[in-house]
*Asks:* 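A single structure is presented below for examination.
Source: prediction; values computed, not measured. Quick note: numbers below take in every heavy atom, side chains included, and nothing from hydrogens, waters or symmetry partners.
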Amino acid sequence: MKFARFSHKDEIHYGVVKGDDISVIEGDIYHEWSYTGEVLPLEQVELLAPAVPSKIIGIGANYVGSAEERPEELPEIPVFFFKPSSSVIGTEAEIVIPDLVDEVKFESELAVVIGKETRNVAEEDVLDHIFGYTIGNDVTAPQFFHEDGHWTVGKSFDTFTPIGPYIETELDPSQVSVKADINGVETQNSPTNLMIVPLAHMVSYLSKVMTLEPGDCILTGSPLGAYFVKNQDVIECKIDEIGTLKNRTIKSSVSIES
């Protein structure tokens with residue numbers, strides 16, 4: 001089932017996508033909801049980010065190029081980072097590159113959407129706490145990385161976390177491929193079985209550090225092939241079973257102190 005969050009006639013709704021239509025629902029998608037009976041053509045609505053996370057957590061350098069390159073042991077402390085909720089946008093929204101940012105890098109990723117309060121969860125129980133999956137684009141400005149490895153500023157600019165277009169609840173995350181096109185040219189295409197830290201392990205690990213809440217998103221890492229993009233580039237992050245997250249970059253005239 002594909003859930004969408006959208007704007008129609010200046011009001012925000014949730015709905016279930018079926019073909020080219022969206023069936024409007026009411027209630028809480030993570031708990032109880034029902035159909036209103038209203039059905040709208042997708043072309044008449046504006047898709048928004050399908051989740052409103054209180055926090056977004058990403059993992060760094062989590063893919064290898066082939067199964068043979070996968071390390072024998074998992075890292076004792078995986079490299080996680082935060083992205084603020086203010087950086088979230090939906091599909092078709094513009095990624096704004098601040099004036100003094102030299103270049104940004106896109107990273108197409110499978111994103112986990114938490115469905116219920118998740119704390120101290122064992123790996124074998126992780127799937128029971130996941131509502132569904134969407135696509136994330138971890139936009140990054142590496143020039144703002146601290147020399148000691150602090151990534152916060154370079155990951156946190158407004159519009160630097162596109163997610164969408166939908167949350168797919170009927171998905172086997174181990175059986176999909178993460179892809180990306182830049183201006184129509186494919187740059188990424190890797191199966192999720194090339195992750196170093198598996199999805200269940202990372203969610204379980206994080207749940208023992210912090211409480212994960214409904215709507216929180218975990219970006220599970222980007223395959224090889226994530227490149228720098230420039231003004232007016234069109235980035236299409238794809239997972240066939242979910243859809244296409246499409247955004248264009250635009251250079252802002254607003255400057256910041258570097």
*Asks:* Show, in sequence, the C-alpha distance, side-chain angles and deciding distance for Glu213 and Lys55, and conclude whether the side chain to side chain contact (heavy atoms under 4.5 Å, CB included) test is met.
*Replies:* CA-CA 9 Å; Glu213 300 169 322; Lys55 49 189 170 291; 3.7 Å; yes
*Asks:* Side chain of Ser204, backbone of Val121: donor and acceptor closer than 3.5 Å?
*Replies:*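 Yes, Ser204 side chain to Val121 backbone: donor-acceptor pair under 3.5 Å.
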*Asks:* Show the nearest heavy-atom pair for residues Ala111 and Ile135, with the distance to one decimal.
*Replies:*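 Nearest heavy atoms, Ala111 then Ile135: CB-C, 4.3 Å.
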*Asks:* Rounded to the nearest 0.5 Å, what separation is found between the CG atom of Leu194 and the CD atom of Glu68?
*Replies:*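 These two atoms lie 9.0 Å from each other.
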*Asks:* Between Ser85 and Pro53, which heavy-atom pair has the shortest distance, and what is it?
*Replies:*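 In this case the closest contact between Ser85 and Pro53 is CB-O, 3.3 Å.
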*Asks:* Test of understanding: with ring pair (Phe, Tyr, Trp, His ring centres under 6.0 Å), list the residues that count as partners of Phe81, not counting sequence neighbours.
*Replies:*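 By the ring pair (Phe, Tyr, Trp, His ring centres under 6.0 Å) rule, Phe81 matches Trp151.
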*Asks:* Assess whether atom CZ of Arg119 is packed by more than 12 heavy atoms of other residues, nucleotides or ligands within 6.0 Å.
*Replies:*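 For Arg119, atom CZ is not crowded (no more than 12 foreign heavy atoms under 6.0 Å).
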*Asks:* Please give me the minimum heavy-atom distance between Val24 and Phe6, naming the atom from each residue.
*Replies:*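 Heavy atoms of Val24 and Phe6 come nearest at CG2-CZ, 3.9 Å.
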*Asks:* Using every non-hydrogen atom in the two residues, find where Ser86 and Asp158 come nearest and quote the distance to one decimal.
*Replies:*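 So the minimum-distance heavy-atom pair works out to O-OD1, 3.6 Å.
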*Asks:* Quick check: closest heavy atoms across Ile239 and Thr134, and the distance to 0.1 Å?
*Replies:*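 Closest approach of Ile239 to Thr134, heavy atoms only: CD1-O, 4.5 Å.
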*Asks:* Checking Glu69 now: which residues fulfil salt bridge (charged side-chain N to carboxylate O under 4.0 Å, His left out) with it, not counting sequence neighbours?
*Replies:*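 Not a single residue meets the salt bridge (charged side-chain N to carboxylate O under 4.0 Å, His left out) criterion with Glu69.
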*Asks:* Hey, what's the ring geometry for Trp33 with Phe3, parallel, tilted or perpendicular (30° and 60° as the breaks)?
*Replies:*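 The arrangement is perpendicular - the two ring planes meet at more than 60°.
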*Asks:* Output all residues satisfying side-chain contact (heavy atoms from CB on, under 4.5 Å) with Ala180, sequence neighbours left out; order by chain, then residue number.
*Replies:*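 Phe106, Ser108, Thr187, Gln188.
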*Asks:* Can you pull out every ring-ring contact (aromatic ring centres under 6.0 Å, His included) where at least one residue sits in residues 185-218? Sequence neighbours excluded, please.
*Replies:*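 Non-adjacent pairs meeting ring-ring contact (aromatic ring centres under 6.0 Å, His included): Phe80-Tyr205.
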*Asks:* What's in the same ILVMFWY side-chain cluster as Val185, cut-off under 4.5 Å, chained through other members?
*Replies:*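 Joined to Val185, directly or through intermediates: none.
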*Asks:* Between Thr91 (side chain only) and Lys246 (backbone N and O only), is there a donor and an acceptor less than 3.5 Å apart?
*Replies:*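 Between the backbone of Lys246 and the side chain of Thr91 there is a qualifying donor-acceptor contact (under 3.5 Å).
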*Asks:* Rounded to the nearest 0.5 Å, how far does CE of Met202 lie from CG of Asn62?
*Replies:*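 Between atom CG of Asn62 and atom CE of Met202 there are 4.5 Å.
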*Asks:* Kindly indicate, with the supporting measurements, whether the criterion side chain to side chain contact (heavy atoms under 4.5 Å, CB included) is fulfilled by Asn231 and Ile250.
*Replies:* CA-CA 5 Å; Asn231 186 38; Ile250 183 170; 4.2 Å; yes
*Asks:* Using atom types as modelled and distance alone, determine if a side-chain donor or acceptor of Ser177 lies under 3.5 Å from a backbone N or O of Asn189.
*Replies:*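 Side chain of Ser177 to backbone of Asn189: no pair is present.
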*Asks:* Looking at Glu109 and Ile59, would you say the former's side chain and the latter's main chain have a donor-acceptor pair under 3.5 Å?
*Replies:*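 Looks like no, no N/O pair under 3.5 Å.
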*Asks:* How many angstroms lie between atom OH of Tyr14 and atom CG of Leu48, to the nearest 0.5 angstrom?
*Replies:*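 Answer rounded to 0.5 Å: 9.0 Å.
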*Asks:* Counting N and O atoms only, with roles assigned by atom type, does the side chain of Thr220 sit under 3.5 Å from a partner on the main chain of Leu199, one being a donor and the other an acceptor?
*Replies:*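 No, the answer is negative, given that no donor and acceptor are paired below the 3.5 Å cut-off.
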*Asks:* Would you kindly confirm whether Val113 and Val88 end up in one hydrophobic cluster when ILVMFWY residues are joined by side chain heavy atoms under 4.5 Å apart?
*Replies:*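 No.
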*Asks:* How would you list, by chain and number, every residue that makes a salt bridge (charged side-chain N to carboxylate O under 4.0 Å, His left out) with Asp138, sequence neighbours excluded?
*Replies:*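 Expected list: Lys83, Lys155.
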*Asks:* Given side chain to side chain contact (heavy atoms under 4.5 Å, CB included), test Asn137 with Ile235 step by step and report yes or no.
*Replies:* CA-CA 9 Å; Asn137 183 354; Ile235 308 167; 3.7 Å; yes
*Asks:* Holding to side-chain contact (heavy atoms from CB on, under 4.5 Å), I want the full list of residues that pass it with Lys2, two or more places apart in sequence or in another chain.
*Replies:*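 So Lys2 forms a side-chain contact (heavy atoms from CB on, under 4.5 Å) with Val17, Tyr166, Glu168.
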*Asks:* Test of understanding: with side-chain contact (heavy atoms from CB on, under 4.5 Å), list the residues that count as partners of Lys9, not counting sequence neighbours.
*Replies:*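 Expected list: none.
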*Asks:* Mark yes or no for whether Thr249, through its side chain, and Gln232, through its backbone, hold a donor-acceptor pair below 3.5 Å.
*Replies:*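 Side chain of Thr249 to backbone of Gln232: a pair is present.
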*Asks:* Just verifying a value: how many Å separate Tyr30 OH and Glu117 CD, rounded to the nearest 0.5 Å?
*Replies:*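 The CD atom of Glu117 is 15.0 Å from OH of Tyr30, to the nearest 0.5 Å.
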*Asks:* Should Asp99 and Ser252 be marked as a side-chain hydrogen bond (donor to acceptor under 3.5 Å, both in side chains) after you check the CA-CA gap, both sets of side-chain angles, and the distance that decides it?
*Replies:* CA-CA 5 Å; Asp99 184 58; Ser252 171; over 6 Å; no
*Asks:* Check for a donor-acceptor pair, side chain of Ser207 on one end and backbone N or O of Thr118 on the other, with a separation under 3.5 Å.
*Replies:*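 No, Ser207 side chain to Thr118 backbone: no donor-acceptor pair under 3.5 Å.
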*Asks:* With distance as the sole test, does Asn183 use its side chain to make a donor-acceptor pair with the main-chain N or O of Val234 at under 3.5 Å?
*Replies:*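 Answer holds: yes.
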*Asks:* Closer than 3.5 angstrom, by distance alone: can the side chain of Glu94 be matched with the main-chain N or O of Arg248 as a donor-acceptor pair?
*Replies:*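 Not confirmed, Glu94 side chain does not pair with Arg248 backbone.
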*Asks:* Go through Leu47 and Leu42 one step at a time and tell me if the side chain to side chain contact (heavy atoms under 4.5 Å, CB included) criterion holds.
*Replies:* CA-CA 8 Å; Leu47 291 175; Leu42 272 173; 4.3 Å; yes
*Asks:* For residues Leu127 and Ile167: do they belong to one hydrophobic cluster (side chain heavy atoms under 4.5 Å, members Ile, Leu, Val, Met, Phe, Trp, Tyr)?
*Replies:*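 Different clusters.
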*Asks:* Using a 6.0 Å cut-off, check whether atom CD of Glu32 has over 12 heavy atoms from anything other than its own residue.
*Replies:*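 Open: at most 12 neighbouring heavy atoms sit under 6.0 Å from CD of Glu32.
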*Asks:* In Å, rounded to the nearest 0.5 Å, how long is the span from CD1 of Ile114 to CG of Leu206?
*Replies:*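 Ile114 atom CD1 to Leu206 atom CG measures 8.5 Å (nearest 0.5 Å).
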*Asks:* Taking only Lys NZ, Arg NE, NH1 and NH2, and the carboxylate oxygens of Asp or Glu, determine whether Lys230 and Asp233 approach each other closer than 4.0 Å.
*Replies:*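 Answer for the salt bridge query: yes.
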*Asks:* Please check if the number of heavy atoms outside Asp28 that lie under 6.0 Å from its CG is greater than 12.
*Replies:*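 Enclosed: over 12 neighbouring heavy atoms sit under 6.0 Å from CG of Asp28.
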*Asks:* Hey, what else clusters with Val39 if you join Ile, Leu, Val, Met, Phe, Trp, Tyr whenever side-chain heavy atoms sit under 4.5 Å?
*Replies:*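 Joined to Val39, directly or through intermediates: none.
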*Asks:* Rounded to the nearest 0.5 Å, what separates atom CZ in Arg5 from atom CD1 in Ile12?
*Replies:*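 These two atoms lie 5.0 Å from each other.
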*Asks:* Tell me whether Val104 shares a hydrophobic cluster with Leu219, the cluster being built from Ile, Leu, Val, Met, Phe, Trp, Tyr side chains joined at under 4.5 Å.
*Replies:*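 Looking at the clustering, Leu219 is in a separate group from Val104.
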*Asks:* Partners of His129 by ring pair (Phe, Tyr, Trp, His ring centres under 6.0 Å), sequence neighbours excluded?
*Replies:*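 Here no residue qualifies.
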*Asks:* Going by the rule ring pair (Phe, Tyr, Trp, His ring centres under 6.0 Å), which residues pair with Phe228 if we only count those two or more places apart in sequence or in a different chain?
*Replies:*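 Applying ring pair (Phe, Tyr, Trp, His ring centres under 6.0 Å) to Phe228 gives none.
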*Asks:* Is there a chain of hydrophobic side chains (I, L, V, M, F, W, Y, each step under 4.5 Å between heavy atoms) that links Met1 to Val45?
*Replies:*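 No; tracing contacts between hydrophobic side chains, which count when under 4.5 Å, never links both residues.
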*Asks:* Indicate if Ile163 and Ile57 have the same hydrophobic cluster label, given that clusters are the connected sets of ILVMFWY residues with side-chain heavy-atom separations under 4.5 angstrom.
*Replies:*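 Different clusters: Ile163 never reaches Ile57 through Ile, Leu, Val, Met, Phe, Trp or Tyr contacts under 4.5 Å.
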*Asks:* Taking only residues two or more places apart in sequence or in another chain, which ones pass ring pair (Phe, Tyr, Trp, His ring centres under 6.0 Å) with Tyr133?
*Replies:*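 Ring pair (Phe, Tyr, Trp, His ring centres under 6.0 Å) list for Tyr133, sorted by chain: empty.
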